[in-house]
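Everything below concerns the one structure shown next.
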Number of protein chains: 2
Amino acid sequence: MPKPEVDPTVQLELSVDRSSPVPLYFQLSQQLEAAIEHGTLTPGSLLGNEIELAARLGLSRPTVRQAIQSLVDKGLLVRRRGVGTQVVHSQVKRPLELSSLYDDLEAAGQRPATKVLVNTLVPASAEVAAALGVAEDSDVHRVERLRLAHGEPMAYLCNFLPPGLIDLDTGQLETTGLYRLMRAAGITLHSARQSIGARAATTVEAERLAEETGAPLLTMQRVTFDDTGRAVEYGTHTYRPTRYSFEFQLLVRT
Amino acid sequence: MPKPEVDPTVQLELSVDRSSPVPLYFQLSQQLEAAIEHGTLTPGSLLGNEIELAARLGLSRPTVRQAIQSLVDKGLLVRRRGVGTQVVHSQVKRPLELSSLYDDLEAAGQRPATKVLVNTLVPASAEVAAALGVAEDSDVHRVERLRLAHGEPMAYLCNFLPPGLIDLDTGQLETTGLYRLMRAAGITLHSARQSIGARAATTVEAERLAEETGAPLLTMQRVTFDDTGRAVEYGTHTYRPTRYSFEFQLLVRT
DNA sequence: TCAATCTGAATGTCCGGACAATCTGACTAC
DNA sequence: GTAGTCAGATTGTCCGGACATTCAGATTGA
């Protein structure tokens, strides 16, 4: 049996700027996160007890606790009563944010391209009306886009938005993601309900994505809500599974 | 334009039991959550200010804040400085937990059944060794299961576990989920890295799931870590997309 | 030698207060 | 009537302290 790794407490250079408008707990948590990211705080190492840490920084214990807690919530740290706080070993990257395909592709270094197929107002079908919480047959935006990477079609995106929220400019839609446009329009995205499945491609779908009829497709439906609870977007997407899969990290709810 | 809904502050009957070992903030947050679930606190209604609430309950403001904060983290409440705290409109259910298929099915009222096909020790392949962080060709548990609902095959689950963590009893595997067994064995699940995709069924896969060769399958791979960062499970699952899809709610990271 | 017990250390919970930042709505001035 | 200003309300941040709970390791006893 391997000896139980007793990692040492790490002495870290930390400091806070009291004249800054940035909250003290936030300054501290960012420095700690950077140290973890950077490898200064190695996985398994203890953080040193809160009281001593507070004294060293000239902060109160609640403030230090708030900083630590935010990192615990992110899954970067683990607290053990009677033991201490230590850095988690595993390679936690990001606990699944409400991301856009465009941003994901851009972050992955693939230069994404978008072709807007449709950008118009249509009467809401029963399905769309139910998802967005608007009256049936009332006007909604309908946007159909083809997302390409390296010139190859990767996904077909069909989105519906309630009217009056945002001006949908076709030019802008081709150069950035829908979520970025919505945020820029002052909409605070809050939560989303997603459903991921698979099915065989119809002839029309196959043609759009340069696949064959009957080929497996990855499908995703999503309703997004802002912080007042309004549904602000409903989307039906199909992806080519050979080109795309959903990857994410998730934490256990405590 | 509909008038901007100004929802009233709700007067709620709340109480805490100081003799209980349950933390006060937790008692409060549970009562609030129940009231939201139950509909006593309607979406959009204000919660009443923290100071008055604290006074009414005989608690301090930090304790009340801690209770409220936990519900904000769950996405049930939204705070606005200068305004107050109000209940989110949207139907937030659960922010995607690390769930097991077995529990999901049971919660959905489908009486799940499991058929254990394989339960043995095998030398780790390169892929498995990398995922679990063990030496190649070292012994690992291999469990293959068929998950049925209403007598119909729904998913084929292949899992690998490092040795020494848990006794895998075939009988137990048939009556409950793997995650429940692991938790019962004292393993604290912490996070997981998942990948969801789709592909066409091979002949062998098709036969197992009563599908046809080439039929679309939903696939999921997952590595689960405990709170020390050890990989405790690696799984490769295939689902029948006509019978199963991944549904979850997610919150924007703040 | 092994098991039960004790002790120190660390986090968990809770209190009461203080001041700052921000939003809403009403008031005022033009 | 409209725009700017001001005051009140409410959450955000921070402090310092107190005691409870839990864990790991050392001590003690059989």
Side-chain angles (χ1 to χ4, degrees), chain A residues 3-10 16-30 32 44-73 77-87 186 188 227-228 254, chain B residues 3-10 16-30 32 44-73 77-87 186 188 227-228 254:
Chain A
K3 76 172 178 193
E5 308 172 26
V6 182
D7 292 309
T9 301
V10 174
V16 291
D17 175 10
R18 299 197 86 98
S19 67
S20 162
V22 178
L24 300 178
Y25 79 90
F26 193 74
Q27 292 184 36
L28 177 53
S29 74
Q30 278 198 319
L32 290 174
S45 59
L46 288 171
L47 206 58
N49 79 54
E50 298 170 348
I51 299 180
E52 190 267 343
L53 192 57
R56 218 169 76 214
L57 288 166
L59 297 173
S60 71
R61 190 178 161 219
T63 303
V64 172
R65 274 182 70 79
Q66 194 174 1
I68 292 177
Q69 188 58 46
S70 71
L71 297 181
V72 172
D73 291 339
L77 298 177
V78 177
R79 320 178 91 137
R80 278 176 219 271
R81 195 184 283 199
V83 180
T85 306
Q86 54 182 308
V87 181
T188 336
D227 58 2
T228 70
T254 325
Chain B
K3 75 174 179 194
E5 309 173 24
V6 182
D7 291 307
T9 301
V10 173
V16 291
D17 175 11
R18 298 198 87 97
S19 66
S20 162
V22 178
L24 300 177
Y25 77 90
F26 193 74
Q27 292 184 36
L28 177 54
S29 73
Q30 278 199 319
L32 290 174
S45 59
L46 288 172
L47 206 59
N49 80 56
E50 299 170 347
I51 299 180
E52 191 268 342
L53 193 57
R56 215 169 79 215
L57 288 165
L59 297 174
S60 71
R61 190 177 162 219
T63 304
V64 172
R65 275 183 69 79
Q66 193 174 359
I68 292 176
Q69 188 57 48
S70 72
L71 297 181
V72 171
D73 291 339
L77 299 177
V78 178
R79 319 178 94 137
R80 279 177 219 270
R81 194 185 285 197
V83 181
T85 305
Q86 53 182 312
V87 181
T188 338
D227 57 3
T228 70
T254 327

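Below, each value reflects all heavy atoms present in this structure, side chains not excepted, and no hydrogens, waters or symmetry copies. Keep in mind it's a predicted model, so treat the numbers as computed, not measured. Per chain, numbering begins at 1; letters A, B, ... match sequence-line order.
Whole-Å rounding puts the B/Leu77 CG to D/dT10 C1' distance at 15 Å. Summarising the geometry, the separation between CD on A/Gln66 and P on D/dC15 is reported as 10 Å, rounded to the nearest angstrom. Distance CD (B/Gln86) to C1' (D/dT11): 13 Å, rounded to an integer number of Å. Rounded to whole Å, atom C1' of D/dG17 lies 10 Å from atom CD1 of A/Ile51. Atom CG in B/Leu46 sits about 9 Å away from atom P in D/dT10, given to the nearest Å. If you measure from atom CD of B/Glu52 to atom P of D/dT10, you get 9 Å, rounded to the nearest angstrom. The CD atom of A/Gln69 sits 14 Å away from the P atom of C/dC14 (whole-angstrom rounding). Between B/Leu59 atom CG and C/dT13 atom P the separation is 14 Å, expressed in whole Å.
Closest to the B/Arg65 side chain, of the nucleotides C/dC14, D/dC14, D/dG12, is D/dG12. Nearest to the side-chain atoms of A/Glu50 among the listed nucleotides D/dC14, C/dT11, C/dA18 stands C/dT11. Of the candidates D/dT13, C/dT13, D/dC23, the closest approach to any side-chain atom of A/Val83 belongs to D/dC23. Set against C/dT13, D/dC15, D/dT11, the side chain of B/Arg81 has D/dT11 as its closest nucleotide.
When the side-chain nitrogen and oxygen atoms of B/Ser60 are compared with OP1 and OP2 of C/dG17, none of them lie within a distance under 4.0 Å. OP1 or OP2 of C/dT11 lies within a sub-4.0 Å distance of a side-chain N or O belonging to A/Thr85.
Taking B/Arg65 as the reference, B/Glu50, B/Arg61, B/Arg79 meet the side-chain contact (heavy atoms from CB on, under 4.5 Å) condition, with sequence neighbours excluded.
Across all non-hydrogen atoms, the minimal contact from B/Arg18 to B/Leu59 is NH1-CD2, 3.8 Å.
When each of A/Arg80 and A/Pro62 is assigned the nucleotide of DNA chain C with its nearest heavy atom, A/Arg80 is the one assigned upstream, toward the 5' end.
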